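Reading through the structure tokens given below for one structure.
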Amino acid sequence: MAKHDITGSRDIELLVTSFYTRVAKAPAINHFFTETSWDAHMQTMVRFWENALFFTGNYQGNPMEIHRHIHHIKKLDSTHFDTWLQLFEATVNDLFEGEVANLAKQKARNIATVMQIKILQMQQQSHY
């Protein structure tokens, strides 16, 4: 089956649904989602990725604060971010190809990098 690029809401819904199906089966990170309202989270993630890729302006939120809160409850480490990124990139690669698909992977890499710097490295610095 030929792949196409990410072109809009339906593709993003497929990406998000497929990705979180993988997350739910990944022991390294699925425990972070045990108390998650999946329907609400999926809707939020669709809006997040629509905004990230197509600048829709329909996402309101602060992912950094949410992940800092998660880190306070259950410590995140680099393997968690690596697993998340590997699953995301594999999902994109399995479903799509093209400029927007590549942009999605690049944005995911950027998100993982920035979160690790701001959550993990800044925490280490505060202990010195």
Side-chain angles (χ1 to χ4, degrees):
M1 185 164 120
K3 296 179 203 174
H4 65 276
D5 205 353
I6 300 169
T7 60
S9 296
R10 287 186 180 211
D11 291 336
I12 291 175
E13 287 173 15
L14 175 62
L15 171 61
V16 168
T17 302
S18 300
F19 170 65
Y20 280 101
T21 297
R22 291 177 186 210
V23 167
K25 296 175 185 175
I29 61 174
N30 65 5
H31 62 279
F32 288 103
F33 297 90
T34 56
E35 297 178 23
T36 299
S37 168
W38 282 102
D39 289 340
H41 185 67
M42 299 290 226
Q43 291 171 13
T44 299
M45 291 298 91
V46 167
R47 286 191 307 272
F48 174 84
W49 284 106
E50 282 177 336
N51 188 59
L53 299 175
F54 299 112
F55 309 101
T56 60
N58 65 355
Y59 173 76
Q60 304 292 317
N62 187 335
M64 187 61 65
E65 278 308 309
I66 292 165
H67 287 82
R68 280 187 178 137
H69 176 72
I70 291 167
H71 182 65
H72 181 72
I73 296 168
K74 296 180 180 181
K75 297 297 182 211
L76 292 163
D77 64 40
S78 61
T79 61
H80 299 128
F81 289 101
D82 292 345
T83 300
W84 177 88
L85 185 58
Q86 289 168 359
L87 292 173
F88 188 86
E89 288 183 340
T91 305
V92 173
N93 289 337
D94 287 350
L95 297 172
F96 304 103
E97 64 183 7
E99 188 175 326
V100 179
N102 290 336
L103 177 63
K105 292 183 288 185
Q106 184 59 52
K107 286 194 179 251
R109 284 182 215 113
N110 292 346
I111 290 165
T113 300
V114 169
M115 290 234 179
Q116 286 185 80
I117 290 168
K118 292 196 172 201
I119 294 172
L120 303 181
Q121 291 180 3
M122 293 182 93
Q123 176 192 0
Q124 291 173 348
Q125 291 173 354
S126 68
H127 285 103
Y128 294 111

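What you are looking at is a predicted structure, and each value in this text was computed from that prediction instead of being measured.
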> Side chain of K3, backbone of G98: donor and acceptor closer than 3.5 Å?
Replying inline: no
>> Please evaluate residues H71 and H80 with respect to the criterion side-chain contact (heavy atoms from CB on, under 4.5 Å), reporting the C-alpha separation (whole Å), side-chain torsions for both, the decisive distance (0.1 Å), and the verdict.
In response: CA-CA 11 Å; H71 182 65; H80 299 128; over 6 Å; no
> side-chain contact (heavy atoms from CB on, under 4.5 Å) between I73 and H69: does it pass, once the steps are laid out?
Replying inline: CA-CA 7 Å; I73 296 168; H69 176 72; 3.2 Å; yes
>> To the nearest 0.5 Å, what is the distance between CZ on F81 and CG on L120?
In response: 5.0 Å
> Can you list the steps and then say if L76 with Q116 is a side-chain contact (heavy atoms from CB on, under 4.5 Å)?
Replying inline: CA-CA 9 Å; L76 292 163; Q116 286 185 80; over 6 Å; no
> How would you list, by chain and number, every residue that makes a side chain to side chain contact (heavy atoms under 4.5 Å, CB included) with K25, sequence neighbours excluded?
Replying inline: T21
> Which residues pass the side chain to side chain contact (heavy atoms under 4.5 Å, CB included) test with N30, sequence neighbours left out?
Replying inline: none
> Going through the distances and angles, do W49 and I6 end up as a side-chain contact (heavy atoms from CB on, under 4.5 Å)?
Replying inline: CA-CA 11 Å; W49 284 106; I6 300 169; over 6 Å; no
>> I need the full list of salt bridge (charged side-chain N to carboxylate O under 4.0 Å, His left out) pairs touching residues 46-59, with sequence neighbours left out, sorted by first then second residue.
In response: none
>> Does any part of the side chain of H41, heavy atoms only, come nearer than 4.5 Å to the side chain of Y20, both counted from C-beta?
In response: yes
> What are the two closest heavy atoms between K75 and F32, and how far apart are they?
Replying inline: O-CZ, 3.8 Å
> Donor-acceptor pair, K118 side chain versus M64 backbone, under 3.5 Å?
Replying inline: no
> Any luck finding a side-chain donor-acceptor pair between Q106 and N110 under 3.5 Å?
Replying inline: yes
Could you go through residues 83-91 and list every donor-acceptor pair under 3.5 Å that involves a side-chain atom there, pairing it with any protein atom two or more places apart or in another chain?
residue	atom	partner	partner atom	Å
T83	OG1	T79	O	2.8
E89	OE2	R109	NE	2.6
E89	OE2	R109	NH2	3.2
T91	OG1	R22	NE	3.4
T91	OG1	L87	O	2.7

>> Using the side-chain contact (heavy atoms from CB on, under 4.5 Å) definition, which of the options D11, V100, L95 pairs with H4?
In response: D11
>> Can you list everything that forms a side-chain hydrogen bond (donor to acceptor under 3.5 Å, both in side chains) with H72? Sequence neighbours excluded, please.
In response: none
> Is the F48 ring parallel, tilted or perpendicular to the Y59 ring (thresholds 30°, 60°)?
Replying inline: perpendicular
>> Going by side chain to side chain contact (heavy atoms under 4.5 Å, CB included), name the residues that satisfy it together with E65, two or more places apart in sequence or in a different chain.
In response: N62, R68
>> Any non-hydrogen side-chain atom of L14 less than 4.5 Å from a side-chain atom of F96?
In response: yes
> Nearest 0.5 Å, what's the CD1-OG1 distance between I66 and T44?
Replying inline: 7.5 Å
